[in-house]
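Structure, as structure tokens:
Below, chain A is the first sequence line, B the second, and so on; all start at residue 1. Every value quoted in this text rests on a predicted model; they were computed, and no experiment measured them.
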Protein chains: 2
Amino acid sequence: MGGLMRRPTIMDIAKAAGVSKGAVSYALNGRPGVSEQTRGRILAIAHDLGWAPSSPARALSPGGRVGAIGLVVDRPAHSLGLEPFFMQLVSGIETELASSGVDLLLQVTEDMGAEIAAYRRWSAERRVDGVVMVDLRVDDPRVRVVEELPLPAVLLGGPEGADPLPCLYTDDAGAMREVVHYLAALGHRRIVHVAGPEEFVHTRARVGAFLDAAEQAGLGEARSVYADYTGEAGTKTTRRLLATQDRPTALVYDNDLMAVAGLGVAHEMGVDVPSQLSIVAWDDSVLCRLVRPSLTAIARDVVSYGRMAALMLGATIKGGPVEKREVSRGELYPRASTGPLGA
Amino acid sequence: MGGLMRRPTIMDIAKAAGVSKGAVSYALNGRPGVSEQTRGRILAIAHDLGWAPSSPARALSPGGRVGAIGLVVDRPAHSLGLEPFFMQLVSGIETELASSGVDLLLQVTEDMGAEIAAYRRWSAERRVDGVVMVDLRVDDPRVRVVEELPLPAVLLGGPEGADPLPCLYTDDAGAMREVVHYLAALGHRRIVHVAGPEEFVHTRARVGAFLDAAEQAGLGEARSVYADYTGEAGTKTTRRLLATQDRPTALVYDNDLMAVAGLGVAHEMGVDVPSQLSIVAWDDSVLCRLVRPSLTAIARDVVSYGRMAALMLGATIKGGPVEKREVSRGELYPRASTGPLGA
DNA sequence: GCCGTCTGCTTAACCGGTTCAGTTTTCTGT
DNA sequence: ACAGAAAACTGAACCGGTTAAGCAGACGGC
């Protein structure tokens, strides 16, 4: 494995410049204590030598940061790759981190116990300066664990149940009201909401808003059923719903994967979309535009969401105040999967 | 941000046990130099204190490792989330790393220049002990860069063009021959291969095998067209192909995303799948099972691929010999998108 | 009884940075 | 010209581990 030459250290620079280690450190970090002339010489030498600061050495110094943050994704591995959400989130987080030279540690776990173990280990071993936590749950045990650890964290979700941590959330309730009004305006009376797992805070928010909005719109039979975001769950749930008499005329899915699965089931059962059934997906992705008919979807700017999360975590690591921020909610993009009955 | 207590260090353990730092280190690392009795006492104290080794400190010691490896994914962010390949690969890599307490750094870049910059930075700053590189290209500049850096690497792809690095590859040519024979056996004569980017080594292998197998099967009109794995490319390419007279009766796509896009186009153009057009996707995923008709696909065990890559990288980091390994090739899973013409 | 070896532990150096406390040099004012 | 202050730089400690070298005491052999 090539590269025989030793990595240059500030000591090498010091020798070449004929000054002490300390002077080099001041020069490289743009701090006072060296003349501009000397600073220039040192920077030039550092550049020539191809020097870069050793991240472990920096981290070890008193008050030093490791320059990395962590993200744990706790979803079954096989369903995972399909949700563009995570990769977009990662992409957004990194856009923000890139400018400050911070890296991202990613861990995929199968359950929350493993997720919590990861936070404990990262904190104890000083692997990261902080973490971004997704999918906030009701009475989330992670909040307590992280709170008593020396581990800054930003939650994606809330604001309910996020205290005392900083959090970032979208107005899911508002978006859901928009969806219900839209479907009601198209004439739909029997709408079912295929929700995510019941324990998620955002699931609660969506379900609550869905039922409220439905009642206000005078839809008697509206209800939410819980599923787990996987394609299989979408398939089974949809099959069950469409097999009832007085079957729903519109379905709202909490993610795109279940919506695509639902579309497949409708096709299989001979239920035409959209003339006999309207479908709305939460979280837009190429997937929604790729299938036929293309799916009406709520599109959030997940990349910005990730960027903002990274920004907030950075501030939290630096010791800033605990903020609770709301980002703009998703917009509804009507496509071919929704329409009036019988059209 | 809670956690006020200082992290325990081996010095704390040493004081509590009434021995020196060195003795604690020997005890904790299972090395000779301490009595079994003392070792037991030290381990107990370490456990009580909730001690874990500081990763930066370990890395800084002469010959120390940082305990992390890196993976750069160089694809346009929006197309990315959809390919289950990467998340499955990550999942596989981590399965293997978990046992040894090694972490994964993930970076998403927009072009190869940024990818190379990431390797340089990781190596110079000592962020990782090694990297896994995907999508090997013809005359890949990354190979030279990594080779002359102090940065162990394992390539996914090859074995052509991988020298002098260790690599891991699948028999794409064999899998492609199987696909062509299968389609030929169904009676297809006009088959087009919608390939990935021309510069990838595995694209070359597949294209070469496709043309060879087609010629052997006596199919005159077989050809490959290059695309870039995105849904848009799949859409455009398919639209163009289906608009020709004497349009192909079977299409083989180099990834699942383009295949799904192609299916959508066929639907849109009123070309029935599979009676008028057969579709085969490379790389199976839930996506292929979700759409209607479900897609015939080549399924590789990507998780194992990732595990093996991590294993090889670990061996390379430890200074093992340069290995070139082949993993079992993908299997063909016939589903509803392929069949004899007019059936 | 004395030498040599082994065991069990300590001491100290080292990794590559940061930073504080001094020390020397240069600048400023009168 | 010279005191005093500011600027430029040095030396050493520190972060938390690992490890080579040194050393005291026990044990065995002859």
Requested in this report: Please collect all side-chain hydrogen bond (donor to acceptor under 3.5 Å, both in side chains) contacts where either partner lies in residues 57-67 of chain A, sequence neighbours excluded, each pair once.
Outcome: A:Asn29-A:Arg58
Query raised in the report: Taking only residues two or more places apart in sequence, or in another chain, which ones meet A:Arg137 in a side chain to side chain donor-acceptor pair (under 3.5 Å)?
Result: none
Report summary line: Computed from five pairs at either end and rounded to 10 degrees, the angle between the axes of the helix from C:dG1-D:dC30 to C:dT30-D:dA1 is 40°
Query raised in the report: Under 4.0 Å between a side-chain N/O of B:Ser35 and OP1 or OP2 of C:dC9, yes or no?
Result: yes
Query raised in the report: Quick one: salt bridge (charged side-chain N to carboxylate O under 4.0 Å, His left out) pairs with a partner in residues 91-105 of chain A, sequence neighbours left out?
Result: A:Glu96-A:Arg307, A:Asp103-B:Arg121, A:Asp103-B:Arg127
Query raised in the report: Within the side chain of B:Arg7, is there an N or O that forms a donor-acceptor pair under 3.5 Å with the backbone of A:Ser123?
Result: yes
**Report entry** Nearest-Å distance for atom pair NZ/P, residues B:Lys15 and C:dT10
**Finding:** 14 Å
Query - Separation of C:dC9 C1' from B:Arg39 CZ (nearest whole Å) - result: 13 Å
Requested in this report: Can you tell me which residue pairs pass the salt bridge (charged side-chain N to carboxylate O under 4.0 Å, His left out) test with a partner in residues 155-169 of chain A, sequence neighbours excluded?
Outcome: A:Asp163-A:Lys324
**Report entry** Non-neighbouring partners of A:Phe200 that pass ring pair (Phe, Tyr, Trp, His ring centres under 6.0 Å), sequence neighbours left out
**Finding:** A:His202
Query - Contacts of A:Glu36 that satisfy side chain to side chain donor-acceptor pair (under 3.5 Å) - sequence neighbours left out - result: A:Arg39
Report summary line: So the side-chain hydrogen bond (donor to acceptor under 3.5 Å, both in side chains) pairs with at least one residue in residues 10-22 of chain B (sequence neighbours excluded) are B:Arg6-B:Asp12
Report task. State which residues pass side chain to side chain donor-acceptor pair (under 3.5 Å) with A:Thr170; sequence neighbours excluded, sorted by chain then number. Result -> A:Asp172
Query - Partners meeting side chain to side chain donor-acceptor pair (under 3.5 Å) with B:Asp129 (sequence neighbours left out) - result: none
Requested in this report: If a protein heavy atom is under 4.0 Å from the base, mark B; if only from the sugar-phosphate, S; if neither, -; do that for nucleotides 13-26 of chain D going 5' to 3'.
Outcome: --BBBBBB------
Query - Spacing of A:Ile42 atom CD1 relative to C:dT18 atom P, expressed in whole Å - result: 12 Å
Using the 3.5 Å cut-off, write out each protein N or O paired with an N or O of nucleotides 22-26 of chain C and the distance between them.
none

